[in-house]
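Computed from heavy atoms alone, side chains included, the values below leave out hydrogens, waters and symmetry copies.
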Amino acid sequence: MFSSIERLIVMIPALPLAAALVTPIVGKKWLKERSHWPVLVCIVAAFLCSLRLLSLVAEGSENLGAGGFERTVTIAEWVLVEDAAVVAGQARDFAVDITLRADPLTAIMLSMVTFIASLVVIYASGYMHGDRGYWRFFSYVALFVFSMTMLVSVSNFLLLYVFWEAVGVCSYLLIGFWFEKPEAAAAGKKAFLVNRIGDFGFALGVFLIFLTYGTLNFHDADGVSGVLGFTRITAGDYTAGAVGTAIALLLFVGACGKSAQFPLHVWLPDAMEGPTPVSALIHAATMVTAGVYMVTRCTPLYAVSETAQMVVASTGAFTALLAGLIALTQTDLKRVMAYSTVSQLGYMFLGLGTASLTGITGGMFHLFTHAFFKALLFLGAGSVMHAMHHVIDMRRFSGLRHIMPWTHWTFWCGCLALAGVLPFAGFFSKDMILGAVHDRAHAAHDGFNLYQLLYYSGIFTAFLTAFYTFRALFMTFFGPLKTPAEAHHPHESPRSMTVPLAILAVCAFLVGLVVELSHSYTLLWHTPSLSGGAVWTQAQPLLDAHKGLEMHISVAALSTVVAVAGIGLAAFMYLGKRSEAEQVAEFTSTRRGLWGYKLSLNKFYFDELYDVIAVWPLKALAALSYVFDRFVIDALVNLAGWIPRAVGGLMRSLQTGMVQFYALAMILGMIVLFGSLRLTTLIGN
């Protein structure tokens, strides 16, 4: 009989799966405009189960004291290949069970995913009202939530890969939901194809893990030490050197694809072509957080490779800076938020790349807080889009605070949290990351080093974040009231949309402060991957954990100053008549040597660069392949078919239908036959 934890860990993904199966069956014919109800009921129930699971895991971790906490439940055996590999001179079976796990990391992720998904479903019931694919939309959402809950619940690398791909398929379906629109269809294909590049690296990493460790299980099972099990973590039995670095970097390639990190970041801004609730779900709670979750889960694999740590941190810092620079000049409100997501994910990887308990905790803390304020900002942008009749270009509207007060004030909360202003949520999580990078930089004791550069890059990115966030706020909600011609009667969104905005605004204001004051993030330390082993000895050897996580006053003060400076500069340039912003934009776009504006506006030409490097060569190869197939392969095949026809044509001429001709042919044949025999006899004699 299952214990309570085991029952809950099975029920949480089972509920959205049930909704995904029921909704397409009964939605189109019977439920129609009420097709959101099965999805809403099941996901809210999954959220309540997640809260209960979180409380039980917290209770179990507290009673456990020091060390890690996990519970696993095996549902079925999926794959068994005997003697599939030889590890350390011993033959190992390739065995994959469908096993789910409950530990602090899983419980936190499940609570966050199901909570945000519940609000998104409520919001979507108003936003998608009247859409002819209403039932189909909610079926996809339920399937998406099921895939994500399974991704964070499974206890095996192969199953992780299966649901890694499942969320990719769901994102393709949802981004291209309005497939009649060419831009949406293209965006869905782009997201799918770019992620295949990352997923190929991830698959290679999984293969290498099995060849190295002889198992793909996270947990210990049947006397075999799991890759992330207590036995291996306690013993520190991890392969370092080139193989260990290769495993960590291959897994990170997959994370770069899912979490839109350089150079695989180009798909995420185009994903804005999907419905806004989809954007909120992808950017806040599901697909893009998968990479951060996976790297956190695999912390012991990264702890043994300093090279992998530096690659993760450098990629995160560079992506955060790059996306922040691009967001400065974008005029599409949703694209500004999309590049903001890419930038904030970069912050998370920057924290994970420190390989310290502070940095890893900060990265996951930022993932948690970011889910609330980024969902708020995307849903707020959707509210604006709904009122403006799907116009989202900020140059075509302004002064919307006069007609959309709820959206305006909740958007303020999201912007303050994203900019990292005290006491909003982003302040605490972002500064924990910067504090960890600061500590790692000063732990080296070798003068100026890579982590110092990353620290200053993170500080400058905080300035950019505050500027572009409030630029979007001021352009949208301040200035004279102006609406596009398409918006005949602009008004505030219905309650089904504003209530989720209000709930998320409260969370964006309080959740960071509550977690910081209660030190609730210490629950994360009881995850087996973080409960011992190398992570406790990297950069912070044997220090008291609470002391190591105290806020850096100097870091917090500096980040606050740059955030206020960014807000002030945005106010100076974009409030009032906006003449300053227009003059600067005109100046920087026309003067030689000051081409940064065009670079930012055109997203540093990454799409064009990839066209030259990959798309055009592949199109040329496809055209060459077509010519070769059409004129060489087809010609050879046609020739093989023509030869029997030609021979048959020669024989056909002998079929005249005249009996006299056939008799003559027989006589001549007999003469030739007897003549041949006679000649053979003479030659033989």
Side-chain angles (χ1 to χ4, degrees), residues 23-24 27-28 32-33 35-36 39 120-121 123-144 167-196 260 265-284 286-288 330-339 341-342 377-397 476 483-488 490 493 497 601-603 606-608 610-611 615 619:
T23 303
K28 184 177 182 180
K32 298 181 181 178
E33 290 300 318
S35 295
H36 62 280
V39 180
V120 167
V121 170
Y123 179 95
S125 66
Y127 187 90
M128 299 297 293
H129 181 75
D131 192 284
R132 65 177 182 176
Y134 193 80
W135 64 272
R136 181 167 55 90
F137 175 82
F138 285 100
S139 300
Y140 291 166
V141 169
L143 186 62
F144 201 3
V167 296
V169 171
C170 293
S171 69
Y172 166 76
L173 294 173
L174 285 167
I175 293 169
F177 178 75
W178 288 319
F179 52 84
E180 304 93 339
K181 184 180 176 184
E183 296 85 357
K189 290 187 289 186
K190 185 176 183 179
F192 188 80
L193 292 174
V194 171
N195 272 276
R196 298 291 69 71
H265 64 284
V266 292
W267 69 269
L268 192 57
D270 288 354
M272 298 304 95
E273 296 295 340
T276 298
V278 173
S279 302
L281 198 59
I282 291 176
H283 287 251
T286 53
M287 184 169 172
V288 298
Q330 301 304 304
T331 56
D332 185 306
L333 180 57
K334 287 178 66 177
R335 283 187 180 268
V336 174
M337 296 301 111
Y339 280 109
T341 298
V342 176
L377 290 171
F378 266 109
L379 296 184
S383 180
V384 170
M385 194 174 179
H386 184 265
M388 298 298 105
H389 198 71
H390 297 285
V391 174
I392 200 64
D393 189 337
M394 295 184 291
R395 296 169 297 184
R396 298 188 59 191
F397 48 74
T476 301
T483 59
E486 295 91 330
H488 302 297
S493 299
M497 297 170 66
L601 184 64
N602 292 285
K603 299 165 284 188
F606 273 103
D607 286 325
E608 290 79 2
Y610 288 157
D611 280 344
V615 177
K619 284 185 175 180

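- No hydrogens or angles considered: a donor-acceptor pair under 3.5 Å links the side chains of His283 and Thr341.
- Evaluation of the side chain to side chain donor-acceptor pair (under 3.5 Å) rule for Ser493 yields Ser383 as partners, not counting sequence neighbours.
- Residues satisfying the side chain to side chain donor-acceptor pair (under 3.5 Å) test with Arg335, not counting sequence neighbours, are Asp270.
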Check against side chain to side chain contact (heavy atoms under 4.5 Å, CB included), Ile282 and Leu268: CA-CA 9 Å; Ile282 291 176; Leu268 192 57; 4.3 Å; yes
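- Every residue meeting the side-chain contact (heavy atoms from CB on, under 4.5 Å) condition with Glu33, not counting sequence neighbours, appears here in chain and number order: His129, Tyr134.
- Take Ser171 and apply the side chain to side chain donor-acceptor pair (under 3.5 Å) test, not counting sequence neighbours, and it matches no residue.
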Test side chain to side chain contact (heavy atoms under 4.5 Å, CB included) applied to Val384 and Thr476, step by step: CA-CA 9 Å; Val384 170; Thr476 301; 4.1 Å; yes
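- Listed by first and then second residue, the salt bridge (Lys or Arg N to Asp or Glu O under 4.0 Å) pairs that reach into residues 170-179 come to none, sequence neighbours excluded.
- Every side-chain contact (heavy atoms from CB on, under 4.5 Å) that Ala124 has, sequence neighbours left out, goes to Met128, Phe137, Phe138, Pro277.
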Trace of the salt bridge (Lys or Arg N to Asp or Glu O under 4.0 Å) decision for Asp607 with Lys190: CA-CA 11 Å; Asp607 286 325; Lys190 185 176 183 179; 2.8 Å; yes
Under 3.5 Å, side-chain donor or acceptor atoms of residues 173-184 against the rest of the protein: list the pairs with distances, not counting sequence neighbours.
residue : atom : partner : partner atom : Å
Trp178  : NE1  : Asp131  : OD2          : 2.8
Glu180  : OE2  : Arg132  : NH2          : 2.4
Lys181  : NZ   : Glu273  : OE1          : 3.0

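- Panel note: side chain Thr286, backbone Leu281; a donor-acceptor pair is recorded below 3.5 Å.
- Under the salt bridge (charged side-chain N to carboxylate O under 4.0 Å, His left out) criterion, Arg396 pairs with Glu486, not counting sequence neighbours.
- Residues passing the side-chain contact (heavy atoms from CB on, under 4.5 Å) test with Leu601 are Thr329, Tyr597, sequence neighbours excluded.
- For Thr276, the side chain to side chain donor-acceptor pair (under 3.5 Å) partners two or more places apart in sequence, or in a different chain, are Tyr127, Lys334.
- Not a single ring-ring contact (aromatic ring centres under 6.0 Å, His included) links Tyr610 to another residue, sequence neighbours left out.
- When ring centroids are compared, His265 and Phe606 come within the 6.0 Å threshold.
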